[in-house]
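Heads up: the structure comes next, in structure tokens.
Chain A is the first sequence line, chain B the second, and so forth, proteins listed ahead of strands; every chain is numbered from 1. Here the structure is a predicted model, which is why all the values come from computation and not from measurement.
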Protein chains: 2
Amino acid sequence: MITDHPEAKAFILHWGEMGTQWGVSRSVAQVHALLYLSDRPIDAEAIVDALGLARSNVSTALKELQGYGIVRRVHVEGDRRDHFVAETDLWEMLMRIVQERKKREIDPTIALLGELAERLRGDTTAPAQVRERVVRMHEFIGTLGTWYEQVRVLPKPTLVTLMKLGGKVARFIPKGKSG
Amino acid sequence: MITDHPEAKAFILHWGEMGTQWGVSRSVAQVHALLYLSDRPIDAEAIVDALGLARSNVSTALKELQGYGIVRRVHVEGDRRDHFVAETDLWEMLMRIVQERKKREIDPTIALLGELAERLRGDTTAPAQVRERVVRMHEFIGTLGTWYEQVRVLPKPTLVTLMKLGGKVARFIPKGKSG
DNA sequence: ACCTTATTTCAGATTTTACCGAAACACCAG
DNA sequence: CTGGTGTTTCGGTAAAATCTGAAATAAGGT
């Protein structure tokens, strides 16, 4: 069992703590870490044994991870039980997590800000800077969202190149261009 | 008072909820939202009145926000009380938040992964894929961190241009270049 | 159809976290 | 020293998130 190895165990525990700091429950993050470290599909019962969680909790965690699209169910020959594997391509994993969080939290926020900005246009009693700053926040988050939508569809090699370029990308931008 | 305006109030409440989903307490996020919407420095007592929070809670929230570097204390003429203002440049704000979270959570994670990877090099009993995946995760997060450190020091106009370019940046990257 | 095994659901228990309010302490200016 | 202001600490409490265990449901095999 993977959790017999102290390093693997440490990884899983740390990953769990990370999760709590980023809005994912400890269990979910731990299950993900375990699957990430495994080279073969694992069934729910084995996850229970490895992590010491309740069966129902594992079920919920798996559902959540599948919702993020970073874990999927696979069939294993000669076994009736469902087995699960994690996405091992870390770019893919990151993109999917960001994608889902954008959908769940950012998009509704943009919608709300848009609505507030609209209402403020007709509200003469509201302080000018309130209107202005709500609008600015709306535009800012919108820009980030649009940027992400464009970047995420780039071919992975391009993405890797861009990342490795780091700040040097700036060199290749023609001066004066902005759209 | 800013919170008299329904749109401002809605903004503050939503911002508070957003906070809870991203690992910041509701109070901290609300105080930040209030300061962001204000065009003048606000003292702690006024924040208490506006948001209905305990004085001690506001004090803690302000400290936290100053820790992120997105709120600072200012002196107001003829008033002995401390007043506070929020960063209104959203780029600056985002960069500082990311910077701080990197420092608090990512950097320690990289350190731990590095340590685990090192230990795994000498552990012949550990499954090969465990070693490999811990190493890959270490490298991946390290790459992201390095990328961020480089991007954050770019001049703001450059940053804005890059953002607006979106996926089009890819066009300007010479083929075959990678470092 | 029936028995077996797998999975999900959900009410309640547990744990964690956030928050309040009061008290203690620190600071400064008059 | 005194009064105003600010921070910190901390016990108590409330709220929220998390997890459990049992019961319900679904699926599989014979």
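D:dT7 atom C1' lies 10 Å from atom CZ of B:Phe84, rounded to whole Å. As a whole-Å value, the separation of A:Asp43 CG from D:dA27 C1' is 16 Å. In this structure, the CG atom of A:Leu51 is 15 Å from the C1' atom of D:dT20, given to the nearest Å. If you take CD1 of A:Ile42 and P of C:dA6, they are 16 Å apart, rounded to a whole angstrom. Following rounding to the nearest Å, B:Glu45 (CD) and D:dT7 (P) show an atom-to-atom distance of 11 Å. One can place CZ of B:Arg73 at 10 Å from C1' of D:dT7, the figure rounded to the nearest angstrom. Rounded to an integer number of Å, the gap from CD of A:Gln21 to P of C:dT16 is 15 Å. Look at CD on A:Glu17: it is 12 Å from C1' on C:dT16, rounded to the nearest Å.
Nearest nucleotide to the A:Arg26 side chain, out of C:dC28, D:dC19, C:dA18: D:dC19. Considering only side-chain atoms of B:Asn57, the nucleotide from C:dC20, C:dT7, C:dC28 that sits closest is C:dC20. Between D:dG4, C:dC20, C:dA6, one nucleotide has an atom nearer to the side chain of B:Leu53 than all others, and that is C:dC20. Checked against D:dG4, D:dT8, D:dT20, the side chain of A:Ser56 finds its nearest nucleotide in D:dT20. Of the candidates C:dT4, C:dC28, C:dT9, the closest approach to any side-chain atom of B:Arg80 belongs to C:dC28.
The CE atom of B:Met18 lies 13.5 Å from the CZ atom of B:Arg26; values are rounded to the nearest 0.5 Å. With rounding to the nearest 0.5 Å, the separation of CG in B:Leu37 from NE2 in B:His32 is 9.5 Å.
The shortest heavy-atom contact between A:Arg133 and B:Leu35 is NH1-O, 4.4 Å. Listed here is the closest heavy atom pair of A:Gly166 and B:Trp147: CA-CD1, 3.8 Å.
Using a 4.0 Å heavy-atom cutoff across all strands shown, A:Asp82 reaches sugar-phosphate atoms only and no base atom. Looking at heavy-atom distances under 4.0 Å, B:Arg81 makes contact with sugar-phosphate atoms alone, never a base. Residue A:Ser59 is in base contact, counting any heavy-atom pair closer than 4.0 Å across all strands shown. Residue A:Arg55 is classed as a base contact, given a heavy-atom separation below 4.0 Å to a base. Residue B:Ser27 is classed as a sugar-phosphate contact, given heavy-atom separations below 4.0 Å to backbone atoms only. Contact annotation for B:Gly52: backbone-only contact, meaning every heavy-atom pair under 4.0 Å involves sugar-phosphate atoms and none involves a base.
Note on B:Lys63: a side-chain N or O is less than 4.0 Å away from OP1 or OP2 of D:dT8. Put simply, B:Ser25 has a side-chain N or O that comes within less than 4.0 Å of OP1 or OP2 on C:dC19.
Under a cut-off of 6.0 angstrom, the local environment of CZ in B:Arg121 is sparse, with at most 12 non-hydrogen atoms contributed by other residues, nucleotides or ligands.
Between A:Arg136 and A:Glu139 there is no salt bridge, since no side-chain nitrogen of the basic residue lies less than 4.0 Å from a carboxylate oxygen of the acidic one.
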